[in-house]
Amino acid sequence: MDTDRYINRELSWLEFNRRVLEEAQDPSVPLLERVKFLAIFSSNLDESFMIRVATLKRRIRAGDHSAGPDGLTYAETLTAVGKRVHELVEEQHRCFLQEIQPLLASEGVLLLRPKEVGEDQRLFLGTYFRQSLLPVLTPLAIDSGKPFPYLGNCSLSLVVSIRPSKSSVLPHTTMSVIHIPRRGLPSFVALPAPAGTYAFMLLQDVIRMCLSSIYSGYDIVSSHAIRTTRETDAPLPRGAEGAAVRLQHDGDPPPEVLIRLLSELELSPADLFEGEGFGAFCDLQALYTAIDLPRLKDASPVPLVPHAVVARDSDA
């Protein structure tokens, strides 16, 4: 078989999704539509990992070394897919951080980090945390005496490194996980802002600002957002979720944190995907919806009445 005549189906699909990313990179596309295309690109990648990458991993675990019409084995395809996804995700981050976010700021739409908020916004966030977040947050200790906390499919969590603020002979943990609740809570928390402008903060950053309220008696060494993707198309017992296939994280977590996460999730370093700022780009759909600036969106389609109907009504 002439393998040069065939294109790998998984790599071909990634090139389709690259065209979605190109819409986000196109300056002629309205700004908030570019934001939406970034969200669609990420949502497509989620589905690819849950189904396509998960299938490749199952084939490899089963010892299938056969090659497809393109000449690549499942293991070779998985390696090529991982390399291409890393390249595309880097393009996505560069597009958002270097192009779209500055353009949003010029239009009065600010995405603030904890160090960038004003005093009024800080007071607002403190009240919001106490009233809306603290009652629904549960820190889960990670230690050898307890099962590792379950990380749901495409759900965000904070992994927090801590140490006791005072010496103690009592047992203590150095790592904890906080699941970030999404039901009924916005991915981007709207902050007080001058009229005609918008200011938002990621939900995980709001929680980060207030970690000392959760871990009383501990110093916060580091905190990082993580997001796990799991297979969804394999036959599973009722109520069970599939094996992890990808781990996204922001920033630069300590090596011991990543090693522990990879071990517990049974992943390899090749399954790690670093995100600058945030990893859940699909949440940008919520930002698109929250901003009421029609000039930055596609014009609403105008309904057209068929000519035959117009002619019929005029004859009536």
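Residue numbers start at 1 and run along the sequence shown.
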So, for [X] and [Y], which heavy atoms are closest and what is the spacing to 0.1 Å?
X: Val29; Y: Glu23; value: CG2-O, 3.6 Å
X: Arg230; Y: Gly242; value: NH1-O, 3.0 Å
X: Gly251; Y: Glu274; value: O-OE2, 2.9 Å
X: Leu203; Y: Pro181; value: CD2-O, 3.4 Å
X: Gln204; Y: Leu158; value: O-CD1, 3.9 Å
X: Lys57; Y: Leu78; value: CG-CD2, 4.1 Å

Tell me whether the count of non-hydrogen atoms from other residues, nucleotides or ligands lying under 6.0 Å of CG in Leu123 goes above 12. yes
Side-chain heavy atoms under 4.5 angstrom apart, residues restricted to Ile, Leu, Val, Met, Phe, Trp, Tyr: same cluster for Ile214 and Met201? yes
Flag yes if Val160 and Val257 sit in one hydrophobic cluster, no otherwise; membership is Ile, Leu, Val, Met, Phe, Trp, Tyr, and two members link when side-chain heavy atoms are under 4.5 Å apart. no
Distance-only polar pair, side chains of [X] and [Y], donor-acceptor under 3.5 Å:
X: Ser268; Y: Asp271; result: yes
X: Asn8; Y: Thr77; result: yes
X: Thr55; Y: Asp233; result: yes

Ion pair present between [X] and [Y], side-chain N to carboxylate O less than 4.0 angstrom?
X: Glu99; Y: Arg34; result: yes
X: Glu15; Y: Arg18; result: yes
X: Arg9; Y: Asp70; result: no
X: Glu91; Y: Arg94; result: no
X: Arg84; Y: Glu87; result: yes
X: Asp250; Y: Arg208; result: yes

Do Phe281 and Phe41 make the cut of ring centroids closer than 6.0 angstrom? no
Side chain [X], main chain [Y], donor-acceptor under 3.5 Å:
X: Gln121; Y: Gly118; result: yes
X: Ser216; Y: Ser212; result: no
X: Asp143; Y: Lys146; result: yes
X: Glu231; Y: Met50; result: no
X: Glu47; Y: Asn44; result: no

Residue pairs fulfilling side-chain hydrogen bond (donor to acceptor under 3.5 Å, both in side chains) with at least one residue in residues 293-302, sequence neighbours excluded: Glu107-Arg295
With side-chain hydrogen bond (donor to acceptor under 3.5 Å, both in side chains) as the rule and sequence neighbours excluded, what pairs involving residues 175-202 come up? Ser157-His179, Ser176-Tyr215, Arg182-Ser187, Arg182-Asp283
So, do [X] and [Y] sit near enough that their side-chain heavy atoms are less than 4.5 Å apart?
X: Val117; Y: Leu125; answer: yes
X: Thr73; Y: Ile60; answer: no
X: Thr174; Y: Tyr218; answer: no
X: Phe200; Y: Val189; answer: no
X: Asn17; Y: Ser48; answer: no

Results of ring pair (Phe, Tyr, Trp, His ring centres under 6.0 Å) for His86 - residues two or more places apart only: Phe273
Members sharing Leu140's hydrophobic cluster, built from side-chain contacts under 4.5 Å between Ile, Leu, Val, Met, Phe, Trp and Tyr, are none
With sequence neighbours excluded, what pairs up with Ala39 under the side chain to side chain contact (heavy atoms under 4.5 Å, CB included) test? Leu284, Gln285
Contacts of type side chain to side chain contact (heavy atoms under 4.5 Å, CB included), residue Gln131, not counting sequence neighbours: Thr127
